[in-house]
4 protein chains.
Amino acid sequence: MPAVNSQPRRARSGNRRDEAARVAVLHAADDLLVEHGFGALTVEAIARRAGVAKQTIYRWWPSKVEILLDTLIEDTAKRLPVPTELPTASGIRAYLRDFADFLAADPAGKCLLTLLAEAQHDPGTAASFHERYLEPRRIAEIEMLTRATEAGEVSPVLGPEATMDALLGPIVYCALTGVAVPRDLVDTLAENILRPRA
Amino acid sequence: MPAVNSQPRRARSGNRRDEAARVAVLHAADDLLVEHGFGALTVEAIARRAGVAKQTIYRWWPSKVEILLDTLIEDTAKRLPVPTELPTASGIRAYLRDFADFLAADPAGKCLLTLLAEAQHDPGTAASFHERYLEPRRIAEIEMLTRATEAGEVSPVLGPEATMDALLGPIVYCALTGVAVPRDLVDTLAENILRPRA
Amino acid sequence: MPAVNSQPRRARSGNRRDEAARVAVLHAADDLLVEHGFGALTVEAIARRAGVAKQTIYRWWPSKVEILLDTLIEDTAKRLPVPTELPTASGIRAYLRDFADFLAADPAGKCLLTLLAEAQHDPGTAASFHERYLEPRRIAEIEMLTRATEAGEVSPVLGPEATMDALLGPIVYCALTGVAVPRDLVDTLAENILRPRA
Amino acid sequence: MPAVNSQPRRARSGNRRDEAARVAVLHAADDLLVEHGFGALTVEAIARRAGVAKQTIYRWWPSKVEILLDTLIEDTAKRLPVPTELPTASGIRAYLRDFADFLAADPAGKCLLTLLAEAQHDPGTAASFHERYLEPRRIAEIEMLTRATEAGEVSPVLGPEATMDALLGPIVYCALTGVAVPRDLVDTLAENILRPRA
DNA sequence: AGCTAAACGAGACGGTACGTCACGTCTTGGA
DNA sequence: TCCAAGACGTGACGTACCGTCTCGTTTAGCT
């Protein structure tokens with residue numbers, strides 16, 4: 001679905017990158033992943049669905065996982081921002097709940113799980129995934145946690161890195177094993193690991 | 001002639017399954033995974049390395065992930081049994097530490113992570129992995145936890161299912177993201193989630 | 001269909017060749033050829049259909065074409081004997097007509113065409129086919145022709161070998177190309193090549 | 001740079017069919033057939049020998065017999081044209097002699113016999129072989145015969161179809177049975193079947 | 001009556017080729 | 001300069017048969 005407007009033919013780009021082709025590829029990849037699973041996510045299928053030539057994909061993305069990574073980064077920025085300004089205990093708890101919902105329900109959540117999985121199979125994917133997604137988020141999360149601790153909102157029983165692993169780990173593990181995150185799991189974890197003020 | 005292996009030639013199996021071929025396939029798959037990664041784990045490569053015909057693999061395993069699953073099940077039974085008899089708080093803590101070491105260092109640990117990853121890509125793999133590995137282990141773990149609780153060894157802050165997710169999740173998440181599990185993470189988690197007697 | 005009687009189990013043979021298995025194989029091969037074509041004529045399919053183990057086939061026949069050859073030889077002896085006693089011009093003409101009908105209509109005719117075809121593909125088949133089928137028949141045909149010539153029944157315009165090629169060639173060629181042998185072709189050929197007395 | 005073949009590397013084709021690959025496949029198939037027989041004529045062997053990918057073969061030919069058919073059609077057009085302009089009795093006789101030599105000596109002759117044989121095994125092959133080779137040639141031959149008859153060059157004892165079967169049949173039959181066509185067979189047949197003027 | 005030897009059904013085995021799919025690279029020709 | 005289109009070499013897929021090889025059973029014929 002490359003066309004984004006009512007014109008029968010997309011305005012072709014000439015010698016600049018075709019933005020319509022770019023978003024068509026991202027959408028096609030995401031749609032294929034959600035609708036038919038990772039097995040159907042081939043470069044040829046993406047090109048077919050996006051109405052784009054295969055070469056156009058190879059020109060701009062080194063592999064199909066980078067497409068997913070682009071999608072994930074854009075979607076996460078919109079739907080799951082890390083709260084960094086004046087974080088409170090309840091703000092952090094809300095963030096954890098949002099994260100659980102994101103993994104369980106959002107199409108981009110499937111995208112994250114897929115990338116985490118593919119990173120186990122391929123070192124290159126792992127490197128990209130860490131560098132472009134995990135590390136930046138982790139830095140923001142650590143900052144969130146540090147500020148909250150300094151403000152006396154929370155007093156975690158572990159260092160910031162380990163605290164984030166202790167909080168996110170169970171949520172991710174439940175998502176990976178197809179288990180719905182229990183309602184009280186997040187709250188009890190926050191209570192016992194973060195030790196909020198109230 | 002009491003000796004059964006005086007010839008270097010492998011004893012052929014007749015019309016019964018060839019045990020030597022079976023273990024050769026399991027070893028070949030494990031070796032390929034550890035040495036060259038999941039990308040090199042093709043059925044043809046396994047057959048080549050095991051000195052076995054491709055058809056022999058397809059005769060006994062519906063897919064290559066079932067081979068890994070067989071390997072994982074056999075190896076886990078040997079190297080990471082769930083302690084079910086008279087479990088103590090320190091026994092559970094030791095189990096968690098062993099699990100972290102298993103994921104980090106054992107070849108079969110890579111196998112587990114690979115299966116967990118592949119389960120994200122393919123529903124069939126997910127079903128097999130749950131049915132043949134995760135569920136049986138989870139049942140044993142729940143029993144371990146229940147007995148320890150009844151014996152007063154521990155008094156967990158969550159139900160048994162959620163407790164196991166809270167304990168195993170961070171370990172798995174660290175392994176998946178390539179982070180070494182911090183020394184104090186497991187112990188502090190056990191302290192705050194399980195609340196042992198002592 | 002190995003069983004030839006009402007007993008649920010065929011009487012097993014002990015340490016002598018099992019005649020029931022032999023004819024079951026011949027029939028299965030012929031049936032498969034006629035019903036599903038040469039492509040379906042695999043050793044495994046023959047064994048399956050005959051209710052016989054593959055090894056039993058390999059024990060007695062070096063290849064599947066030898067099975068067809070056995071069938072052809074038995075059937076030809078019954079249904080298309082070469083008239084050698086006191087041959088007449090009309091006897092030879094009748095033989096040619098029978099041969100045309102045999103190729104067109106008899107299951108064993110398909111068998112002959114198949115063997116002639118397979119002989120083009122494989123020298124071993126060609127050797128067996130010549131030695132066991134073509135040569136013996138040719139010798140009998142030449143004798144038939146020679147006797148008829150000596151008796152003054154016919155006075156062929158070519159030597160006996162070439163005469164047989166001139167008479168049989170068109171019939172075989174029509175069968176190979178799927179053309180029905182025209183009614184007058186055989187008769188006119190006989191008239192102009194054999195030059196019968198009357 | 002006017003030269004197109006200054007590099008040893010073959011010029012790649014872009015998005016048009018690669019003519020070099022096409023002829024390489026035809027030659028490889030013919031060579032394999034002549035050198036090692038039909039048994040060695042596998043698609044994989046053709047691809048290997050032609051230096052071409054298997055998929056390139058499957059992209060353009062539905063089966064290996066179509067490759068042979070292409071070869072045969074091209075070669076026959078060059079080496080064994082049917083004389084259609086002002087055919088004479090001796091012209092027809094020469095055509096028959098050329099046909100016999102073609103079958104006996106020319107590589108493409110083996111190709112024809114192979115196709116005729118394979119047509120016995122597979123109805124699809126038979127259909128293609130008739131439609132693309134036998135029928136067009138037969139039409140040209142019938143026209144040749146009709147013209148010669150109308151010009152009074154010959155007065156055949158049979159209709160044109162049956163006449164061609166009577167003339168070609170013995171030649172093909174000899175070739176199929178590995179018998180060298182006797183020198184006088186063709187001439188005597190022509191004399192007695194065609195009845196030329198002189 | 002028991003023993004030996006052969007043929008049997010069953011079917012696992014190491015192989016080869018099949019025809020299909022997707023990969024990533026390349027070239028053409030149009031905008 | 002970018003793009004759609006698509007042919008190409010590469011290599012793995014899962015399947016079908018090949019011909020060989022045990023297995024354990026059955027039976028004929030000899031001790």
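Each chain gets a letter, A, B and so on, in the order its sequence line appears, and its residues count up from 1. As the structure is a prediction and not an experimental result, all values here were calculated from the model.
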Next item on the list: Using atom CZ of A/R22 as one end and atom P of F/dC3 as the other, report the distance to the nearest whole Å.
Entry: 12 Å

Item checked: Given DNA chain E, 5'-ward residue of the pair C/E44 and D/V43, judged by closest heavy atom -> C/E44

Check: Which whole-number value in Å describes the distance from C/I46 CD1 to F/dA16 P?
Finding: 18 Å

Margin query: Rounded to whole Å, how long is the line connecting atom CZ of C/R49 with atom C1' of F/dC17?
Written below: 18 Å

Item checked: N/O (side chain, C/R16) to phosphate O (OP1/OP2, F/dT27) under 4.0 Å -> no

Next item on the list: Between D/T42 and A/T42, name the one whose nearest nucleotide on DNA chain E is closer to the 5' end.
Entry: D/T42

Margin query: Expressed as a whole number of angstroms, how long is the span from D/W61:CH2 to F/dA7:C1'?
Written below: 13 Å

Margin query: Ring of C/W61, cation from C/R17 - is the NZ or CZ under 6.0 Å from the centre and inside 45° of the axis?
Written below: yes

Checklist line | Between C1' of F/dA4 and CZ of A/R48, the distance in whole Å | finding: 15 Å

Check: residues 26-33 of chain D side-chain donor-acceptor pairs under 3.5 Å, at least two apart:
none

Next item on the list: Check whether any side-chain N or O of C/T56 sits under 4.0 Å from OP1 or OP2 of E/dA7, and answer yes or no.
Entry: no

Notebook entry, point to check: Ignoring hydrogens and angles, are the base of F/dG9 and the side chain of D/K54 linked by a donor-acceptor pair under 3.5 Å?
Noted result: no

Item checked: Spacing of B/Y58 atom OH relative to F/dA12 atom P, expressed in whole Å -> 11 Å

Checklist line | Spacing between C/D18 atom CG and F/dA28 atom P, to the nearest angstrom | finding: 11 Å

Notebook entry, point to check: Counting only side-chain N and O atoms of A/R59, is one of them less than 4.0 Å from OP1 or OP2 of F/dC2?
Noted result: no

Note to self: Considering every strand and a 4.0 Å limit on heavy-atom distances, what is the contact class for C/W60: base, sugar-phosphate, or nothing?
What the structure shows: sugar-phosphate

Next item on the list: Tell me whether the OP1 or OP2 atom of E/dG19 has a side-chain N or O from D/K64 closer than 4.0 Å.
Entry: no

Notebook entry, point to check: If each of B/S63 and C/G39 is mapped to the nucleotide of DNA chain F with the nearest heavy atom, which maps nearer the 5' terminus, i.e. the 5' end?
Noted result: B/S63

Item checked: Flag, side chain of D/K64 to backbone of D/L41, donor-acceptor distance under 3.5 Å -> yes

Check: Does a salt bridge link A/D70 with A/R132, judged by any charged N lying under 4.0 Å from a carboxylate O?
Finding: yes

Check: Hey, are the side chains of C/F129 and C/L112 touching, using non-hydrogen atoms and a 4.5 Å cut-off?
Finding: yes

Margin query: Nearest whole Å is fine: how far is F/dT10 P from D/I57 CD1?
Written below: 13 Å

Next item on the list: Tell whether A/Q55 reaches the base of E/dC26 with its side chain through a donor-acceptor pair below 3.5 angstrom.
Entry: yes

Notebook entry, point to check: Quick one: does C/N15 reach the base of E/dA7 with a side-chain donor-acceptor pair under 3.5 Å?
Noted result: no

